[in-house]
Protein chains: 2
Amino acid sequence: MNGARRLVDTLVSHGVDMCFANPGTSEMHFLAALDDPRMRSVLCLFEGVATGAADGWYRMRDTPAATLLHLGPGLSNGLANIHNARRASSGMVNIVGQHSLDHLAHDPPLASDIEGLARPLSHWLQRVDSPGEIGREATAAIAAAGGHPGKIATLILPGDVSWREVDEAGPPPPLPPRERKVPDATRVEEVAQILRSGEPTLVILAGKAVRGRALELAGKLGAATGARLATQFFTARAERGAGRTPLERIPYSVAPAMEFLKPFRHLVTIETREPVAFFSYPDLPSLTKAPGTQVHALVEPDEDSELGLKMLLDAIGARDIDPLVQPREETQMPTGALTPVSIAHALAHAIPEGCIVVDESLTTGRETMGYTMGARPHDMINNMGGSIGYATPVATGAALACPGRRVFCMVGDGSAMYTIQSLWTQAREGLDVTTIIFANNSYAILKAEFANMKAGEPGEQASAMIDIDRPRIDWLAMAKSMGVPAKGVENVEDFTRTLVASCREPGPQLIEVRL
Amino acid sequence: MNGARRLVDTLVSHGVDMCFANPGTSEMHFLAALDDPRMRSVLCLFEGVATGAADGWYRMRDTPAATLLHLGPGLSNGLANIHNARRASSGMVNIVGQHSLDHLAHDPPLASDIEGLARPLSHWLQRVDSPGEIGREATAAIAAAGGHPGKIATLILPGDVSWREVDEAGPPPPLPPRERKVPDATRVEEVAQILRSGEPTLVILAGKAVRGRALELAGKLGAATGARLATQFFTARAERGAGRTPLERIPYSVAPAMEFLKPFRHLVTIETREPVAFFSYPDLPSLTKAPGTQVHALVEPDEDSELGLKMLLDAIGARDIDPLVQPREETQMPTGALTPVSIAHALAHAIPEGCIVVDESLTTGRETMGYTMGARPHDMINNMGGSIGYATPVATGAALACPGRRVFCMVGDGSAMYTIQSLWTQAREGLDVTTIIFANNSYAILKAEFANMKAGEPGEQASAMIDIDRPRIDWLAMAKSMGVPAKGVENVEDFTRTLVASCREPGPQLIEVRL
């Protein structure tokens with residue numbers, strides 16, 4: 001067994017059985033090893049698709065996928081979506097090829113400081129210098145990536161280490177048990193006292209607390225205490241819709257966020273921190289809570305939120321109360337022009353049960369998610385790192401993670417262009433993704449931000465830098481080029497009908513929403 | 001004058017008057033400052049296009065362009081082509097936005113270690129922490145980028161530094177004079193002795209030695225001494241074709257390179273080093289020269305090759321000899337099937353005078369460049385760093401640098417997909433680029449490399465990772481989606497005619513060569 005086969009064997013032995021790959025010459029032995037029938041490999045035509053897909057996979061499965069990246073530049077192309085995954089606490093195991101160590105000494109053209117490039121965004125980083133180390137190091141990488149919260153592990157594999165034989169194979173070392181830390185009882189008691197006091201309190205949930213049993217426990221807490229429940233504006237993956245505990249959403253923009261947070265004397269955080277503005281603006285604060293508001297960390301990001309919420313419910317004696325539950329709200333087929341509100345109504349009408357909504361709609365979708373609160377139960381995924389070009393790859397990975405569930409990928413035209421190669425992988429794998437392009441032919445968000453920044457009135461060159469209407473992107477041709485059926489819509493009835501129809505046909509589709 | 005305007009003023013005052021931009025919220029003030037009429041801004045829909053275009057600009061102008069990148073992820077997206085530019089000794093000034101320093105302390109979602117991400121590939125790196133430093137630091141960045149050889153300079157601009165006022169503006173400090181180092185006279189004498197000895201010698205030229213006066217001097221050297229003249233397989237930019245001194249090309253693959261180098265007792269290097277294999281393979285060496293061959297560095301990469309060649313010609317008393325010159329060879333319109341040889345004939349027939357050929361054709365074009373030696377005079381640009389996705393952005397930057405000259409961008413289908421967003425910028429700016437897609441629907445180079453690596457016979461999954469034929473990319477639809485007229489060709493007559501016709505119409509075109 002050579003080093004590459006040892007690596008694939010270790011990955012699949014520990015449950016990492018999906019590899020999003022963009023290989024090069026130095027990874028040929030790893031490629032050969034991918035023929036292990038326990039491993040599934042998915043080809044991506046750009047590395048940002050591979051790392052984003054691994055993020056999407058983790059968000060739906062809570063278990064890491066591997067990526068295969070070609071040397072320093074291949075890793076570099078994947079870094080923006082590694083940043084987004086890191087901010088979402090998604091785990092992934094990046095396998096980065098490297099030249100053979102002897103060859104590296106001659107500084108060939110593709111050599112670069114891979115460790116240096118990987119370090120800023122990797123929690124765990126190691127180059128394997130002999131085939132005998134692979135079992136141990138790969139197990140350590142998987143343990144790091146798959147813990148709670150998920151982490152970015154990067155394993156650098158030199159060519160000669162991949163093709164040389166492993167002396168003693170045997171089974172790889174066992175994975176350490178995956179445990180979540182127990183929240184501090186003193187903190188729980190402190191929060192219980194605050195809730196008993198009846199002072200206005202907002203509980204902010206994130207990470208794994210906005211789904212399943214933890215979300216239900218939060219619903220009990222809300223029902224028992226009257227504390228309001230919210231998420232940050234962005235959440236890695238929230239379960240929402242009919243039958244789930246409803247959560248409010250702290251607004252994106254600084255002034256509305258401050259207005260929203262103003263009434264609260266206390267903010268209780270679960271797997272998150274106090275709200276921070278996304279960007280800094282002249283004369284606006286970075287922290288959006290009101291002066292005098294106190295922040296209490298009930299559950300730290302590496303702790304067990306389900307356990308923390310149980311402890312808190314026990315402390316206030318409310319374990320058996322019924323949770324707050326969102327009722328189903330039927331939304332009729334909307335009519336008329338395409339506006340943020342009518343688009344939200346269309347979504348509320350069309351979202352099928354179990355839908356995974358990946359949202360990178362920026363200006364179009366930003367303030368309208370409230371309208372889908374009573375839609376059929378679905379998962380909502382947001383961009384946690386703010387680097388655009390995350391949605392189409394994440395939708396790809398989420399669809400692979402959850403066969404049989406339709407993915408709605410809502411994305412602005414500017415964002416979609418970053419990693420548009422995702423469409424090809426969706427067509428190749430026959431994935432049930434409906435990509436919804438909001439085509440406003442501009443970086444509309446930047447137009448708003450230009451004003452927010454008090455940068456004056458944009459002149460001709462500056463305006464040209466935030467308009468993408470010369471030429472207009474022909475989204476139907478773009479989809480066709482990569483084998484994805486597409487339709488353009490110009491009113492909300494057509495949009496809604498096309499959205500509903502896309503759920504009936506297997507495979508990917510693209511809808512250009514002409515704004 | 002705020003910090004952003006101070007920065008733009010410093011750039012244009014020192015001749016950096018082109019900015020390839022992909023801005024975000026934190027760069028709004030810089031965007032406003034780009035309205036300075038002395039600066040030209042070109043929007044790119046992905047950062048890899050911006051950095052690649054800056055590389056193409058430098059290769060044709062020997063003077064750096066600026067890029068505008070949005071925070072750490074924006075820089076990350078541009079790194080692969082920064083790697084390629086670095087290996088080509090192209091200079092560029094990257095302006096990377098950063099959060100305001102107060103805001104950064106709160107670790108907002110888009111924060112990352114920008115310095116850490118920039119360091120491995122930047123020769124010069126500095127964050128500007130107050131508006132008053134901008135004139136000095138930007139001048140230092142331009143001096144670093146614009147010297148010989150060109151360098152990667154990265155200036156990190158926090159939001160508040162860009163919007164705060166500069167206390168004392170005045171003119172920016174002067175640029176230090178740009179000088180090339182004088183080659184060492186002892187080394188020149190040593191090489192002169194070798195050439196006088198008549199022992200078989202290969203002179204390997206690179207960098208700025210393969211164009212203009214330096215190339216002519218090399219032609220005199222060849223004529224006077226019988227030493228053979230060659231380039232590495234890849235060259236940043238070579239002037240070639242009729243009327244130029246012809247240079248041989250050291251083959252790409254290890255065995256043919258060894259065969260080529262075998263006869264030589266001496267290798268004399270000018271702005272380069274001895275040949276190194278691109279990749280390492282089991283049982284093949286990294287250095288391809290024959291045992292016993294001696295290597296002599298006549299001109300180091302930071303030295304003046306024109307001066308070094310003059311010194312050498314003086315030492316051997318051959319300054320007045322006529323240089324070797326490539327005669328014009330007319331190539332008739334080829335007929336029949338599309339093969340590497342017929343494609344080379346088509347190029348030889350079609351290349352117009354002054355054409356800039358950007359080559360990333362990999363398998364299809366690799367061994368056929370010899371056929372274009374006697375074509376009309378043109379420039380040939382290769383990928384020096386080996387990270388694919390360089391050609392379409394470099395062609396974009398080269399076309400902007402040289403209005404009135406047609407660019408032929410030869411690119412494999414796999415490579416083209418990495419930075420295909422370039423087509424949009426070409427359409428927007430009406431650039432005279434003919435993109436030639438060699439559509440073999442596979443990573444053909446990897447099929448060959450699989451065998452070279454002795455990785456066995458690829459199994460089903462491994463094979464699927466190097467084929468991109470499910471679905472086939474529809475290149476005509478792809479071009480249409482971004483506003484570029486396109487045509488598919490299936491025989492070499494059609495290819496040649498379409499190529500010739502593309503030179504008569506202004507603006508971009510795409511030719512899908514169906515292999």
Side-chain angles (χ1 to χ4, degrees), chain A residues 21 23 25-26 28-29 31-32 34-35 41 43 45-46 73 76-77 79-80 83 87 99-100 103 106 108-110 112-113 116-117 119-120 159 163 276 278-280 282 286 384-387 417-418 421 427-428 449-450 453 455-456 458-459 461-462 465 470-471 473-474 477-478 480-481 483, chain B residues 21 23 25-26 28-29 31-32 34-35 41 43 45-46 73 76-77 79-80 83 87 99-100 103 106 108-110 112-113 116-117 119-120 159 163 276 278-280 282 286 384-387 417-418 421 427-428 449-450 453 455-456 459 461-462 465 470-471 473-474 477-478 480-483:
Chain A
T25 295
S26 40
M28 287 299 105
H29 290 85
L31 200 60
L34 285 178
D35 262 313
S41 307
L43 180 59
L45 297 189
F46 178 69
S76 298
N77 282 334
L79 284 174
H83 167 84
R87 290 285 177 177
H99 287 298
S100 297
H103 194 59
H106 299 291
L110 257 166
S112 62
D113 175 8
L117 291 165
R119 194 166 291 116
W163 73 55
V276 172
F278 210 80
F279 288 107
S280 52
S286 293
M384 302 304 287
S387 175
M417 281 303 288
Y418 278 70
Q421 302 92 338
R428 182 181 180 88
E449 292 291 55
F450 204 92
M453 278 290 176
Q461 286 214 69
M465 294 298 105
R470 289 179 299 113
I473 294 161
D474 179 339
M478 179 66 81
K480 180 168 185 273
S481 75
Chain B
T25 295
S26 40
M28 287 297 106
H29 290 85
L31 200 60
L34 284 178
D35 262 313
S41 307
L43 180 59
L45 297 189
F46 178 69
S76 298
N77 282 334
L79 284 175
H83 167 84
R87 290 285 177 176
H99 287 298
S100 298
H103 193 59
H106 299 292
L110 256 166
S112 61
D113 175 7
L117 291 165
R119 194 167 292 116
W163 73 57
V276 172
F278 210 80
F279 288 107
S280 52
S286 293
M384 301 304 289
S387 175
M417 283 303 289
Y418 278 69
Q421 304 90 339
R428 182 182 181 88
E449 292 291 56
F450 204 92
M453 278 290 177
Q461 287 214 69
M465 293 299 106
R470 290 178 299 113
I473 294 161
D474 179 339
M478 180 65 81
K480 180 169 186 273
S481 75
M482 289 180 271

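In what follows, chains are A, B, ... by sequence order, proteins preceding strands, each numbered from 1.
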Under 4.5 Å from a heavy atom of chain B, the part of A:His83 involved
side chain

Shorter than 4.5 Å, heavy atoms on both sides: which option in A:Ala427, A:Gly116, A:Ser286 has the most such pairs with chain B?
A:Ser286

Indicate the atoms forming the closest heavy-atom contact of A:Ser76 with B:Ala80, along with that distance.
CB-N, 4.2 Å

Rounded to the nearest 0.5 Å, what's the gap from CZ on A:Phe278 to CG on B:Leu110? Could you check?
4.5 Å

Return yes if some donor-acceptor pair links the side-chain N/O of B:Asp35 with the main-chain N/O of A:Gly459 below 3.5 Å, else return no.
yes

Most contacts with chain B, counted as non-hydrogen pairs under 4.5 angstrom, among A:Ser112, A:Gly456, A:Ala32, A:Pro458:
A:Ala32

Rounded to the nearest 0.5 Å, what's the gap from CG on A:Leu34 to CD on B:Gln461? Could you check?
6.5 Å

Which of the residues A:Pro73, A:Pro282, A:Ser387 is involved in the greatest number of heavy-atom pairs with chain B at under 4.5 angstrom?
A:Pro282

Which value, rounded to the nearest 0.5 Å, describes the distance between A:Leu79 atom CG and B:Asn77 atom CG?
8.5 Å

Going from CG on A:Leu43 to CZ on B:Arg470, what distance comes out if it is rounded to the nearest 0.5 angstrom?
9.0 Å

Against chain A, work out which of B:Ser26, B:Ser41, B:Ala21 has the most heavy-atom pairs shorter than 4.5 Å and name it.
B:Ser41

Quick one: of A:Gly385, A:Pro120, A:Ser481, A:Ala477, who has the most non-hydrogen atom pairs under 4.5 Å with chain B?
A:Ser481

Any donor-acceptor pair under 3.5 Å linking the side chain of B:Glu449 with the backbone of A:Met28?
no

Less than 4.5 Å to any heavy atom of chain B: does that hold for the side chain of A:Arg428, its backbone, both, or neither?
both

Which portion of A:Met384 sits near chain B, non-hydrogen atoms under 4.5 angstrom:
backbone

Answer with side chain, backbone, both or neither: which region of A:Pro23 has an atom nearer than 4.5 Å to a non-hydrogen atom of chain B?
both

Taking all non-hydrogen atoms of both residues into account, name the closest pair between A:Ser280 and B:Ser100 and its distance.
OG-OG, 2.9 Å

For chain B, the option from A:Gly159, A:Gly483, A:Ala462 that forms the most heavy-atom pairs under 4.5 Å:
A:Ala462

So which residue, B:Met465, B:Arg119, B:Met478, B:Lys480, ends up with the most heavy-atom pairs under 4.5 Å with chain A?
B:Met465

Assign the ring pair B:Phe279 / A:His99 to parallel, tilted or perpendicular, where the plane angle (0 to 90°) is split at 30° and 60°.
tilted

How many angstroms lie between CZ in B:Phe450 and OG1 in A:Thr25, if you round to the nearest 0.5 Å?
11.5 Å

Heavy-atom closest contact (B:Met482 atom, A:Pro471 atom, distance):
O-CG, 3.4 Å

About how many Å separate CG of A:Leu31 and CE of B:Met453, when rounded to the nearest 0.5 Å?
11.5 Å

With a 3.5 Å distance limit and no angle check, can you tell me whether B:His103 reaches the backbone of A:Val276 through a side-chain donor-acceptor pair?
no

